[in-house]
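Read the structure below first, then the notes.
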Amino acid sequence: MDIFFVISGFLMTKIITKKLNNNNFKLIEFYESRAKRLIPALATLCTTLIIFGWFFLAPEDYRKLAEHAASSINFTSNMTYSKEIDYFNPDSSEKWMLHTWSLSVEWQFYLIFPVILLLFNSINYFRSRLKGILFTLCLTSLTISLYFYFINEEKSYYFLTSRAWEMLAGSLTALININKRAFNNYAWSAFSIFSIIAFACAPKIDSIWPSPLTIIPIIATCIILLQNHNFKLYDNILIKEIGASSYSIYLWHWPIYVLINHLNLQDNLPALILGILLSGVIGFSSKKLIEDRFTHKKDDKIRPYIKYILLILVIHSTCMHIITHKGYPKRMHDSLERLGIDITQLEMASRENGFCFKNFNANRKLTSSDNEDKCWIGEKNTKDTILLFGDSFAGQWEPFWDDIGRSEGIKIRSVTTNWCYPSFNNNYTGPKSHPAYTQCLINRKFLKEHAKDFNTIILAGQWLQMHESGDIDSISEVLKYLTQSDVKVIVMPAPTIFDQDILSKFKFYNFNSLNFDISKLRKEKDEAATVLNNRIENEISGKGEFIERKFLFNQSDLTDKGIPYSLDGKHISIYGAHASYDKFKNTTKYNNLMSFIKNAP
């Protein structure tokens with residue numbers, strides 16, 4: 001996409017400046033030409049996926065698709081996806097329209113950039129200094145990008161402010177005049193092409209992108225555009241057709257890959273080759289049947305922008321209708337009823353569904369608070385002697401401990417919120433700008449000051465994420481502090497970690513009457529998660545209790561009804577937590593744990 005942004009800025013600047021120099025540039029006509037180019041094919045994709053989703057997607061996935069389609073057709077999807085970067089949201093391979101974030105950034109640039117050129121061109125003082133102004137804007141955007149690279153990578157990746165420099169680099173290239181005889185040689189071209197290919201083919205250099213390294217392929221692209229070579233390789237009908245159809249191919253390639261991923265064929269080479277061929281065929285057809293018809297069509301009666309506004313409104317209204325009706329859950333009622341599942345149980349435990357986990361991501365209206373929002377699970381008419389503490393990996397266990405509390409007559413206070421793993425320091429695996437961070441500091445202070453008020457403290461957290469952030473040793477400090485305070489400690493394990501949203505995939509298979517084989521799903525990080533479970537188990541041995549996975553989950557990672565415990569590939573659902581209790585209560589470990597809790601220290 002970085003290269004695409006450079007080329008886009010280059011071409012737009014060429015088009016606009018040429019018309020400005022000829023005194024025939026009209027802003028409304030420019031917007032109409034961009035709308036003709038982008039909206040019809042995008043609207044076709046949105047409509048097709050909405051129809052497809054009705055027949056093949058489970059309600060929650062259909063609702064999410066509608067959200068993404070609405071933001072895509074409004075060209076705000078980059079903002080939507082920037083808000084979804086947390087461990088409760090599906091991995092990128094589950095989002096049918098994720099790739100449209102770049103179209104939103106491009107459209108936002110199209111709205112602003114022509115106005116800047118038009119304004120500066122109308123004033124003599126600025127006209128002669130246009131290159132310097134654009135260079136300053138480019139440098140400013142690059143600085144913002146690098147700033148967010150260090151503090152908030154989501155904004156760096158998705159936002160116009162940190163991507164505009166790539167398009168502005170293309171714009172500057174379009175305006176630069178150089179001595180082509182001294183510069184325009186094939187050595188520069190070879191170097192530039194090699195740099196781009198090297199970056200495209202190299203192993204993942206940086207987990208955050210764009211980064212300072214992004215400057216290299218951007219400069220390489222600018223050099224190629226600056227030289228304007230007519231390579232014979234490009235002068236053939238196949239390359240030209242692929243280039244002409246590239247927009248439609250781009251639109252369709254990602255949904256096709258998501259479908260391949262849904263069918264667990266992402267490692268199947270024939271399936272991937274077929275996907276590439278389908279992307280080309282559908283993209284080429286879209287170019288001929290949709291793009292060409294609208295791009296070259298003359299509008300005599302109705303201005304194009306009126307038609308496109310109406311088209312956007314129709315698609316957006318349809319999406320909002322789907323969102324309001326929560327993806328029409330009745331479509332899936334029969335398939336879940338056969339399994340004996342209440343669909344409301346297939347979600348994360350939180351305050352919104354009767355538990356205590358303070359999920360700031362699900363409820364944006366939540367605010368950090370200290371004493372006024374105490375929350376308990378279990379038998380609430382007794383004295384609270386147990387505390388459940390941690391992040392969402394503690395919150396997921398609330399239905400499990402609620403079942404134990406009700407069965408054993410135990411009241412449990414739960415203090416859980418996003419990314420707030422057991423620790424006494426200020427480290428945090430989520431963004432510190434997030435409102436949950438303030439709540440986390442309050443929670444950790446409460447744990448340290450009030451630990452002795454409880455007979456038993458249950459700890460749970462995303463041990464793997466703590467390890468990856470370099471703060472896994474903080475759990476050792478907490479365990480040492482609690483055991484020295486004569487508090488009984490129970491530690492919960494991290495469930496099986498999958499690479500994908502397991503429940504979403506299960507719903508897709510169940511909804512379409514396909515055989516769901518969980519053994520085929522990848523779980524590359526689970527080996528590390530298992531190692532960390534074992535480390536913490538060894539550390540607490542002789543000082544407290546660790547509940548191993550084998551007492552909580554079937555070896556298959558499916559309940560006795562053949563349903564995943566997992567919610568999103570990391571957490572377990574409410575249903576999964578209740579199923580874990582049903583398994584656990586029939587084990588000797590359960591009896592030992594009750595003795596551990598109820599006997600005096």
Exercise: identify the closest heavy-atom pair between [X] and [Y]:
{"X": "Ser104", "Y": "Thr76", "value": "OG-N, 3.4 Å"}
{"X": "Met167", "Y": "Glu106", "value": "SD-CA, 4.4 Å"}
{"X": "Val105", "Y": "Tyr158", "value": "CG2-O, 3.4 Å"}
{"X": "Arg293", "Y": "Lys288", "value": "CG-O, 4.2 Å"}
{"X": "Glu166", "Y": "Phe5", "value": "OE1-CD1, 3.0 Å"}

If you measure from [atom1] on [X] to [atom2] on [Y], what distance do you get to the nearest 0.5 Å?
{"X": "Leu251", "Y": "Cys46", "atom1": "CG", "atom2": "SG", "answer": "9.0 Å"}
{"X": "His321", "Y": "His325", "atom1": "NE2", "atom2": "NE2", "answer": "4.0 Å"}
{"X": "Asn121", "Y": "Leu20", "atom1": "CG", "atom2": "CG", "answer": "4.5 Å"}
{"X": "Ile73", "Y": "Thr47", "atom1": "CD1", "atom2": "OG1", "answer": "7.5 Å"}
{"X": "Asn78", "Y": "Leu160", "atom1": "CG", "atom2": "CG", "answer": "7.5 Å"}
{"X": "Met12", "Y": "Ser171", "atom1": "CE", "atom2": "OG", "answer": "9.5 Å"}

- For the pair Lys287 (side chain) and Ser248 (backbone), establish whether a donor and an acceptor sit closer than 3.5 Å, ignoring hydrogens and angles. no

- Message: Quick check against the 3.5 Å criterion: does Ser8 have a side-chain atom that pairs as donor or acceptor with the backbone of Phe4?
- Response: no

- Taking His262 as the fixed residue, which of Tyr509, Phe516, Trp96 is the one that meets the ring pair (Phe, Tyr, Trp, His ring centres under 6.0 Å) rule? Trp96

- Query: What do the steps show when you test Trp252 against Leu278 for side-chain contact (heavy atoms from CB on, under 4.5 Å), and what is the final call?
  - Reply: CA-CA 9 Å; Trp252 286 97; Leu278 275 175; over 6 Å; no

Measure up the [X] and [Y] rings against each other and bin them: parallel (under 30°), tilted (30 to 60°), perpendicular (over 60°).
{"X": "His253", "Y": "His99", "answer": "perpendicular"}
{"X": "Trp54", "Y": "Tyr62", "answer": "perpendicular"}
{"X": "Tyr31", "Y": "Trp107", "answer": "tilted"}

- May I ask you to check whether over 12 heavy atoms, not counting those of Lys19, lie within 6.0 Å of atom NZ? no

- Task: May I have the step-by-step check of side-chain contact (heavy atoms from CB on, under 4.5 Å) for Tyr110 and Leu38, ending in yes or no?
- Result: CA-CA 11 Å; Tyr110 288 161; Leu38 296 179; 4.1 Å; yes

